[in-house]
Amino acid sequence: MAADVHKKKGWEVPNGSLTPGDGQHTERSESPTPGLAQGTEPGAGQEGAMFVHTRSYEDLTSPEDGAAVARSPEERCGEPGEPTTMEQISKDFSELSTQLTGMALDLEEEMRQSKEGKLEPSPQTTRRDSVLSGKEEEDVTMDAWRMHRKHVFVLSEAGKPVYSRYGSEEALSSTMGVMMALVSFLEAEKNAIRSIHADGYKVVFVRRSPLVLVAVARTRQSEQEIAHELLYIYYQILSLLTWTQLNHIFQQKQNYDLRRLLAGSERITDNLLDLMAHDPSFLMGAVRCLPLAASVRDAVSSSLQQAKAKSLVFSILLSGNQLVSLVRKKDQFLHPIDLHLLFNLISSSSSFREGEAWTPICLPKFNSSGFFHAHISYLEQEMDLCLLLVSTDREDFFTVSDCKRRFQERLRRRGVHHALQEALRTPFYSVAQVGIPDLRHFIYKSKSSGLFTSPEIEAPYVREEEKERLLGLYQYLHSRAHNSSRPLKNIYFTGPRENLLAWVTSAFELYICYSPLGTKAGAISAVNKLMKWIRKEEDRLFILTPQTY
Amino acid sequence: YMQGPLTPSPGIHPTYPYKVVLLGSTSVGKSSLAYRYVRNDFKESLPTVGCSFFTQTLHMEVATVKLEIWDTAGQEKYHSVCHLYYRGAHAALLVYDITNKETLNRAKLWLRDLEKEFLPDEIVIALVGNKVDLAAEREVTTEEGEEFARTRGLLFMETSAKSNHQVNDIFMAIAQELLQREQKARAPSPHGRSAVSLGESRVRTGCCQP
Ligand SMILES: Nc1nc2c(ncn2[C@@H]2O[C@H](COP(=O)(O)OP(=O)(O)OP(=O)(O)O)[C@@H](O)[C@H]2O)c(=O)[nH]1
Ligand SMILES: [Mg+2]
C-alpha cells in the first residue's frame, strides 16, 4: 500500500506551492493537501501506530482523562473574548511571516521590531510588567541569574516555591512573591495559559491546579511553545507523584511545602529543560528511532515480544534518546509525552547503570491517577542500551526481571547482538547520505506513526549556541505552522546564514535547513529528492511494523 | 582462625536465597555500600530511583548463600512504597551517616516500621554507621550507635563504602547470622531443607570473616 503511493509520486509538490501567500486564510480550511493521505506517508507504520495520536499543541491544553472534573472546558491559550497580548502577537507574527520571505533580516531583530513598533501593550499589561521589573531589580541582583535565557518556576497556588531552574528557591522567594501577585491577576480561570510581553522577554503562566508554572524567557519561542515546555514540567512532576496524590496533598494542606516530596528530583527537571533546549523530539511531539536495519529491528522486536508477562503493558528498548523497539499490550497506546518523560528519567540518572531498578512511575498522559512499576536496566555495562519493562503489578519484580533474561537470551539466539552493537556505534546518520549538496539538516515527522527522523547536526552548527539557534529556527517555523489562529502549511524563510522551509500536511511535517545561497526552486526540488530518500530509507529510520503482545 | 564448629554434612551443600533490604535516609551511602560490596568499587552515584536490585552469591562452608539485595531510595517521595521492598525480607541494613545525626534518628524510625511488620526472629537487622572516613565531621559517636544497637538486639558496624572499611564484613555477618538462624529453625525438625548442623554464632563480634 505504502509502496504504491511511492510509485504514484503523489507527494510531489507542484512548483511554487510552498510559499505562503499573503493573507491566505483559506489555508485554514481542511482542503485536501497535495500529497499523501495520512497513514501512507514515509514512516507510517504498516500495522498501526504505537502511540496515541497527537495534534501538536492542542492536546496539551486539553483536559486529561483522570483530571477532567477539575478542568475548565473553556481552557485555551489566551483570554477568551478580548483580544489578548498573545493573540495580538500571533497575528503580528503571521503578518511578519509573509514579509519574511526573501528578507535577509535576523529573526531576533524582527521580533524586537515587531514588539517595539507594532505592539501597544494594554494598560493592564504595563501595570503587571512594572510589578515584575521593579521587584526584579530589588530582589535578584545577580547579573548572572538574569543573564539566563529562560527561567522556570513552579509554585503552589498558595505561593510556596516548588522548583526554580536557577538558584535556590529561598533566594528567589521574593521573586516568587511577585509571581504570585501576577498569578492573582490571572486568577479567574483554572488551568489557563496566559502570557505577558515586556521588553525583550515573555512571561508565560500555566496554571494546573494545584500548581502554577511560570517561565520568563528571552528566547524567540512562542507562548505556545513555552507553555508546552511548562506543561512538560508539570507532567514530569505528575510522573513522580501522580495527579491524585498531588491533589490529595494540597487538599489536606493548602500551604504544603512540596519541595520535601520532590527533594532530589530537581536534577530530573533540570535535565528535562536542558533536553528540551536541544532535542527536537519535544518540539515535534514525536519519537526518534535509532537507525537500524529492518531485519535486525524485527528480530529485536520479536525477542521483546516473546519475553512477555501477564502484567507487562509496554516493553521499550532505547539508546540515548532514540527508540530501538517498542512492544505494547494490544489496545494500549503510549503517549509520546510519556515516552519523553521516561527518556528524560533515564538520561538524568546514572543509578540505572547498576543493578536492576524497580520503581513506581506514573505515565501521566496514559493515566495520571496511578503508578505503574517499571523495571529499568542496561543490557550490558558498556552498551548504551536500556531496557524498560512497564508492569501493572508492583509485586511482579521477579517475573519481569525474568522477562529481561529471556529477552537477552533470545537476542543471543537470533544472533542479532553483534548487528545491534554495530548500529549503536553510529547512532546518527549524516545529511550527506541524502546527496543534496545544499541541504544542511532536516526534520521529518510522520504524523500517523508519531515518529520522526533527523540527521546529526553538523557544520556549521558546531558550537552549542549554533545548535540551539538552529533548533530555535525550527521552533519558530513550527510555531508559525501550528499557530492556532492562522496555521500555515508552507513557510519559506530566508535568513542571512541559512534558508529554511517548512511543509506541513495532514500526513507529515517536514522542516529543512539549507544553504543561504540555495534558491527557492532549489529547495523545492531538494524536498522532492529528500522525500524520495526518506521513502527509500524508511524501514531503517522508522519502526514500520510495531508489535504487540 | 580456628575451624569453628560449623561442619558441613558430607555431600549436602544447600543454597539459601535471602532477601536483604537497605534502608535509610537519602545520601547516607546505601547504594555506595551495595556497589562496594557487589562490585568492590566506589564511584559518585546519583540518588536511587525507586529501588535497585543486586544479587551476590556467597560460598560459605556449609551452604551457598544467595543474597538478593534491595537497595531502596531514601528520598521522601519513595517512602510510601518502601514497605513493598522490605516485605518478606530476611535481613535489613539500617544505614545512617555518622556525619549527620538526623540520619540516625531516621534509622530509628525505620526500625520502628520494621518492628511493626516483623517478629524479632523473622528478620536480622543491622545498624550501619557509614562514612567513617569522614572522621573529622563525625556527629554520631561509635558508642552511641553501638549502645543503641545493643539495647535493641541489632548487629552493629561502622563502615566506609569509600575507603572499603568493613563493608564485606557487615554483609558477611548478616549471612552468618541468617545461616545460624536457619539452622536453629530447622533443629527441631529433621525434615528441613538440609541437615546442616551449625554451632555457636561468631557473628556478633563484628569481625569474623571466613
Ligand atoms: N566520604 C564518603 N562518602 C560516601 C560514602 N558512601 C557514600 N558516600 C557519598 O555519599 C553520597 C550519597 O551516596 P549514595 O550511595 O548515593 O546514597 P544513598 O543512601 O544510596 O542515597 P539514596 O539513593 O538517595 O537513598 C554520594 O556522593 C557518595 O559518594 C562513604 O563511605 N564515605
Ligand atoms: Mg541510593
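In what follows, chains are A, B, ... by sequence order, proteins preceding strands, each numbered from 1. Keep in mind it's a predicted model, so treat the numbers as computed, not measured.
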**Message:** Working to the nearest 0.5 angstrom, can you tell me the gap between Leu84(B) CG and His373(A) NE2?
**Reply:** 5.5 Å
**Fill in**
Between the CD atom in Glu354(A) and the OG1 atom in Thr48(B), the distance rounded to the nearest 0.5 Å is 11.0 Å
**Request:** Let me know if Val81(B) has heavy atoms under 4.5 Å from chain A in its side chain, its backbone, both or neither.
**Result:** side chain
**Request:** Count the heavy atoms belonging to other residues, nucleotides or ligands that lie under 6.0 Å from NE2 of His278(A), then report whether that count exceeds 12.
**Result:** yes
**Message:** For Gln332(A), is the CD atom crowded, meaning more than 12 foreign heavy atoms sit under 6.0 Å from it?
**Reply:** yes
**Message:** Under a 4.5 Å cutoff for heavy-atom pairs, which residue among Leu261(A), Leu240(A), Leu241(A) has the most contacts with chain B?
**Reply:** Leu261(A)
**Complete:** If you tally heavy-atom pairs under 4.5 Å between each of Ser27(B), Gly50(B), Ser31(B) and chain A, the highest tally belongs to Gly50(B)
**Message:** Counting only heavy atoms from other residues, nucleotides and ligands, does the tally under 6.0 Å from NZ of Lys310(A) exceed 12?
**Reply:** no
**Request:** Please report the closest heavy-atom contact between Thr359(A) and Tyr85(B), naming both atoms and the distance.
**Result:** CA-OH, 4.0 Å
**Request:** Flag the one option from Ala34(B), Ser52(B), Ala73(B) with the top tally of heavy-atom pairs under 4.5 Å to chain A.
**Result:** Ser52(B)
**Message:** Heavy-atom count check: over 12 atoms from other residues, nucleotides or ligands less than 6.0 Å from Lys66(B) NZ?
**Reply:** no
**Message:** With a 4.5 Å cut-off on side-chain heavy atoms, are Trp358(A) and Thr72(B) touching?
**Reply:** no
**Request:** Give the minimum heavy-atom separation between Leu46(B) and Ser349(A), together with the two atoms involved.
**Result:** CD1-CA, 4.0 Å
**Asked** At what distance, to the nearest 0.5 angstrom, does NZ of Lys77(B) lie from CD of Gln245(A)?
**Response** 10.5 Å
**Item:** Approximate separation, where rounding is to 0.5 Å, of Phe53(B) CZ and Phe398(A) CZ
**Value:** 4.0 Å
**Asked** Checking heavy atoms, do the side chain of Phe371(A), its backbone, both or neither come under 4.5 Å from chain B?
**Response** neither
**Item:** Gln75(B) side chain near Ser265(A) side chain, heavy-atom distance below 4.5 Å
**Value:** yes
